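Below: one structure, written as structure tokens.
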Amino acid sequence: MVELLAPQLDTVFHALGDATRRQMLRELVQGERTVGQLAEPHKMSLAAASKHIKALESAGLIRREVRGRTHWCQLAPGPLASAHEWLGFYEQFWTGRLDALEQLLHADDAAKSKSMTGEKR
């Protein structure tokens, strides 16, 4: 089901692949921000910030609204749900693999303990 959204996921993961864009999303969790407010902590020009914002917009992760001459951005978390679902599949896979490894290690420890107590007799 999620694989049908592969092009959207590609865009989302591309957008999330940059630390500056991830920080911008983190800022937007607190509420809407202007382009200038998003640019300021990174000491970048508005043009540079705008490029990052366009990447986030094309991934559907933010919405931009123009009010007068000011561009306001707000988080649009919907595409993150698809990414989370995709990652969830691999989380289940690795959890299962790690649980199996844990069982093997416990069985190995039990066998070693049993053989050690058998040697002492």
Side-chain angles (χ1 to χ4, degrees):
M1 171 177 85
V2 175
E3 291 304 317
L4 297 174
L5 303 172
Q8 180 188 11
L9 282 175
D10 291 347
T11 318
V12 168
F13 284 122
H14 170 75
L16 294 174
D18 182 87
T20 300
R21 292 192 284 266
R22 290 191 305 270
Q23 184 59 43
M24 286 178 168
L25 286 177
R26 215 171 280 122
E27 285 293 316
L28 291 170
V29 167
Q30 304 301 319
E32 65 182 7
R33 301 282 190 268
T34 65
V35 172
Q37 289 170 326
L38 291 173
E40 191 213 335
H42 306 285
K43 309 279 190 265
M44 66 174 61
S45 68
L46 293 179
S50 187
K51 287 181 181 181
H52 286 291
I53 289 167
K54 284 179 185 173
L56 293 168
E57 277 182 304
S58 53
L61 294 168
I62 67 169
R63 285 187 294 275
R64 187 184 336 201
E65 181 183 328
V66 181
R67 295 184 210 146
R69 294 178 55 183
T70 306
H71 291 236
W72 288 88
C73 301
Q74 61 184 188
L75 183 65
L80 288 173
S82 297
H84 184 264
E85 184 179 343
W86 186 86
L87 290 168
F89 170 81
Y90 292 98
E91 179 183 18
Q92 288 176 353
F93 168 78
W94 283 111
T95 299
R97 301 289 292 189
L98 292 171
D99 288 347
L101 176 61
E102 182 179 32
Q103 289 174 355
L104 287 171
L105 292 172
H106 284 304
D108 189 47
D109 285 346
K112 285 179 183 175
S113 292
K114 192 173 189 179
S115 69
M116 290 179 120
T117 56
E119 288 175 6
K120 291 179 181 176
R121 288 183 184 179

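Note: hydrogens, waters and symmetry copies are ignored here, and every other heavy atom, side chains too, is used. Along the sequence shown, the residues carry numbers beginning at 1. Quick caveat, the model's predicted, so the values are computed rather than measured.
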Whether over 12 other heavy atoms sit under 6.0 Å from Gln23 CD: yes
Could you tell me the separation between the [atom1] atom of [X] and the [atom2] atom of [Y], rounded to the nearest 0.5 Å?
X      : Y      : atom1 : atom2 : answer
Asp108 : Lys112 : CG    : NZ    : 4.5 Å
Gln37  : Thr70  : CD    : OG1   : 9.5 Å
Glu40  : Thr34  : CD    : OG1   : 9.0 Å
Leu38  : Glu32  : CG    : CD    : 10.5 Å
His71  : Arg64  : NE2   : CZ    : 6.0 Å
Ile53  : Cys73  : CD1   : SG    : 4.0 Å

Pair Glu65 + Arg67: basic N to acidic O under 4.0 Å: yes
For [X] versus [Y], what's the shortest heavy-atom pair and its separation?
X     : Y     : answer
Pro79 : Val12 : CB-CG2, 3.6 Å
Val35 : Ala49 : CG1-CB, 4.1 Å
Ser58 : Ala55 : OG-O, 3.1 Å

Donor-acceptor contact present, side-chain Arg22 to main-chain Leu16, <3.5 Å: yes
Check: Glu27 main-chain N/O paired with Gln30 side-chain donor or acceptor under 3.5 Å: no
Hydrophobic cluster membership, Leu25 vs Val29, 4.5 Å side-chain cutoff: yes
hydrophobic_cluster_shared for Leu9 and Tyr90, side chain cutoff 4.5 Å: yes
Side chain to side chain contact (heavy atoms under 4.5 Å, CB included) partner of Leu28, chosen from Leu56, Leu61, Leu75: Leu75
Contact list for residues 9-52, test ring-ring contact (aromatic ring centres under 6.0 Å, His included), sequence neighbours left out: Phe13-Trp86
Qualifying side chain to side chain donor-acceptor pair (under 3.5 Å) pairs, either residue in residues 92-106, two or more places apart: none
